[in-house]
Amino acid sequence: MTLQVYNTPYRKKQPFTPLSGNKVGMYVCGVTVYDMCHIGHARSLIVFDVISRFLRRKGYNLTYVRNFTDVDDKIIARANSLGKPYNEIAERYIDEFITDMDILKVRPADIEPKATEHIGQIVEMVRMLEDKGLAYLADDGSVYFRVGKFKGYGKLSGRRIEDMIAGARVDVEEAKRDPLDFALWKKSKEGEPSWDSPWSKGRPGWHIECSAMSTHYLGHTLDIHGGGRDLIFPHHENETAQSEGAFGADFVRYWIHNGFVTIGGDKMSKSLGNFLTIRELTKDVHPEVLRLLLLSRHYRSPIDFSKEAVHSSQQALVRFYEMLDRVQKSPVKDGEASLAGFITAFDGNLDEAMFDDFNTAKAIADLHDLTTQVNKVLDDNPCVSHEDKSAMDQTVAEISEILGILEENPAQLLEKVKRTGISETGLTQAEIEELIEQRNAARKARDFSKADEIRDTLKAKGIILKDTPEGTEWEKG
RNA sequence: GGCGGCAUAGCCAAGUGGUAAGGCGACGGUCUGCAAAACCGUUAUUCACCGGUUCAAAUCCGGUUGCCGCCUCCA
């Protein structure tokens, strides 16, 4: 099977072949650390987490680089408004980011470079651009990239320079020779963080850090460069211009861009104020529910985030874990395998889906199929063979390894998830259990109307009962 | 204004030439004291609309409408 990857500039899937052997260099634009991350960030992080996990699993020798933008206008603005040094803000939100990634089970990248630790490489790159006539020092002390001089500007985003000029929504800074030019090096104002350079005391422009750091760690040509769709223009277009302008080599072989998380159809963003932070959401939503939700749609499609969507993903996750719980609790006995065949078929489907442009949505649908098959077999005969059990263990390990879900102990997770939101019922766990005991006493006495009354009372508060041979179980619906 | 993307059942959603995956919901059934869960069955002759190409189109081409994104910071 060949891995097919949708490549943004070509607008189609292409077979994936790394530049050299099985070595893959992947750079993904990380976050600007000036505030807490929201669900939209989570999606990008999780999508590329899964991509990196899958590539490794399939034997690619991956080097994954994801940066921190730790100096920029927003960080400075934030620092000023709080009266703190900019680096204190950056450090704090890097810590918060790491905590969020732990919560979401997003693995660290191999290299997580910070812009401020690569000023040397950045200055060097700007100097190369200047030498080649692609950059100029303007009257305001800043250095700009000369867009008109770079052939091929617009090839990633599919824009033409003439169209952009006609669009006329490009801001006009006096010092620029052309409205499309963008800053490589920004002269700092009094009191702003700054570094020495041949041009002025200043700091890197927005785009140059990614060019400098990605090529520094991965070479002049990256196999994969990723990020959110919104970065295609101007950020990635500008990165391409800088990198190819400076080094004269193709910058990126495969561009991968993830779709947005929307709320009520609108993009989730800081400026619209319609965002939900990872920290806030995961207070009462299990991280695997969020991972499942975000992976249930193809990574390039938008996902509309809503309470209902979260609820539906939680139900799906519970369904999977209930199936696993059944398998774990089923007595093991010698004999023919009844599940292994379905499990093997699933393994093939999982691979096939992932090889087809990381189609996690398809993979999860296949997992639903497997769940139905397993439940069906166990309904007929609640026993499993050694072979069944080890096949299931291996497959669950594979799913966890690639998708980062189904990593928990089923019984424990079900217990935890089923009780989330209990505070909404106005009852304590002890009160609920007391009512259940009363109901069971009534049932024993065959006073079913009283038993049903208790069950209805609980149901009205959102507690659903389930009578099993091992006793009565309950969950917050 | 320019560029790009999307439109599949009540809802969510996969599917880039071969005759519509999956989930939720709803309804009927098995099971159950009754429920719940699980399982079985039903729920799109049809993929926004109009043309075209083809033996064959949700899938390709042209047009129309609607929604979203980018062009300013953005995952």
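Below, chains carry the letters A, B, ... as their sequence lines are ordered, and counting in each starts from 1. Just the heavy atoms: all of them, side chains too, but no hydrogens, waters or symmetry mates, feed the values below.
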Side chain of D452(A): nearest nucleotide among A75(B), G33(B), A36(B)? G33(B)
Which part of the nucleic acid, if any, lies within reach of G227(A) when heavy atoms closer than 4.0 Å are counted: base, sugar-phosphate only, or nothing? sugar-phosphate
Show the numbers, then the answer: is there a ring-ring contact (aromatic ring centres under 6.0 Å, His included) between Y217(A) and H118(A)? CA-CA 11 Å; Y217(A) 289 106; H118(A) 297 79; 5.4 Å; yes
Hey, does R297(A) reach any base, or is it just sugar-phosphate, or nothing, if we go heavy atoms under 4.0 Å? sugar-phosphate
Ring geometry between F150(A) and F145(A) (parallel below 30°, tilted from 30 to 60°, perpendicular above 60°): perpendicular
G10(B) C1' sits how many Å from E308(A) CD, rounded? 14 Å
When we call it a touch if two heavy atoms are under 4.0 Å apart, what does G226(A) touch: a base, just sugar-phosphate, or nothing? nothing
Sidechain N-carboxylate O distance under 4.0 Å for K186(A), E192(A): no
From the options G33(B), G4(B), C71(B), select the nucleotide whose nearest atom is closest to the side chain of R11(A). G4(B)
Give me the distance, rounded to whole Å, that separates G23(B) from G15(B) when you measure between the C1' atoms they each carry. 15 Å
Picking from A75(B), G33(B), G69(B), the nucleotide nearest the side-chain atoms of D467(A) would be G33(B)
Would you indicate what T262(A) reaches in the nucleic acid, counting non-hydrogen atoms under 4.0 angstrom: base, sugar-phosphate, or nothing? nothing
Within the structure shown, what part of the strands sits under 4.0 Å from V261(A) by heavy-atom distance: base, sugar-phosphate, or nothing? base
If only side-chain N and O atoms of K13(A) are considered, is one of them under 4.0 Å from the OP1 or OP2 phosphate oxygen of U16(B)? yes
Can a side chain N or O of S301(A) be found less than 4.0 Å away from OP1 or OP2 on A14(B)? yes
Listed by chain and number, what are the ring pair (Phe, Tyr, Trp, His ring centres under 6.0 Å) partners of H257(A), not counting sequence neighbours? H236(A), W255(A)
P atom, A36(B) versus C27(B): distance in rounded Å? 10 Å
Between G23(B) atom P and I364(A) atom CD1, what is the distance in whole Å? 13 Å
Who is the Watson-Crick or G-U wobble partner of C3(B), with both distances under 3.5 Å? G69(B)
Pairwise 5' ranking along RNA chain B for D356(A) and R443(A), keeping only the more 5' one: D356(A)
Within the 4.0 Å heavy-atom criterion, would you say R455(A) contacts the bases, only the backbone, or no part of the nucleic acid? base
Within the structure shown, what part of the strands sits under 4.0 Å from D369(A) by heavy-atom distance: base, sugar-phosphate, or nothing? sugar-phosphate
Within the structure provided, determine whether F251(A) and H225(A) are in side-chain contact (heavy-atom separation under 4.5 Å). yes
Grab the CZ-P distance between R300(A) and U16(B) for me, whole Å please. 10 Å
Using a 4.0 Å heavy-atom cut-off, does I464(A) contact any base of the nucleic acid, only the sugar-phosphate backbone, or nothing at all? sugar-phosphate
Check every strand shown and say whether R319(A) touches a base, only sugar-phosphate, or nothing at a heavy-atom separation below 4.0 Å. sugar-phosphate
Look at the side chain of K376(A) and decide which nucleotide, out of C40(B), A35(B), A75(B), has an atom nearest to it. C40(B)
Using a 4.0 Å heavy-atom cut-off across all strands, classify N359(A) as base, sugar-phosphate, or nothing. sugar-phosphate
Please name the nucleotide paired to A35(B) by Watson-Crick or G-U wobble geometry with both distances under 3.5 Å, or report none. none
Could you check how far NE2 of H298(A) sits from P of G22(B), rounded to whole Å? 20 Å
Suppose you measure atom C1' in A48(B) against the same atom in G5(B); what distance do you get, rounded to whole Å? 16 Å
Is the distance between the ring centroids of H368(A) and F320(A) less than 6.0 Å? yes
When all nucleic acid strands are considered with a 4.0 Å heavy-atom cut-off, which category describes F48(A): base, sugar-phosphate, or nothing? nothing
Please check if the distance between the ring centroids of Y299(A) and F48(A) is under 6.0 Å. no
Give T372(A) one of three labels, base, sugar-phosphate or nothing, depending on what nucleic acid heavy atoms sit under 4.0 Å from its own. sugar-phosphate
At 4.0 Å (heavy atoms only), tell me whether F448(A) reaches a base, stays on the sugar-phosphate, or touches nothing. base
Residue matched to G51(B) through Watson-Crick or wobble contacts both under 3.5 angstrom: C61(B)
Sugar-phosphate only, base, or nothing, as touched by R439(A) at under 4.0 Å among non-hydrogen atoms: base
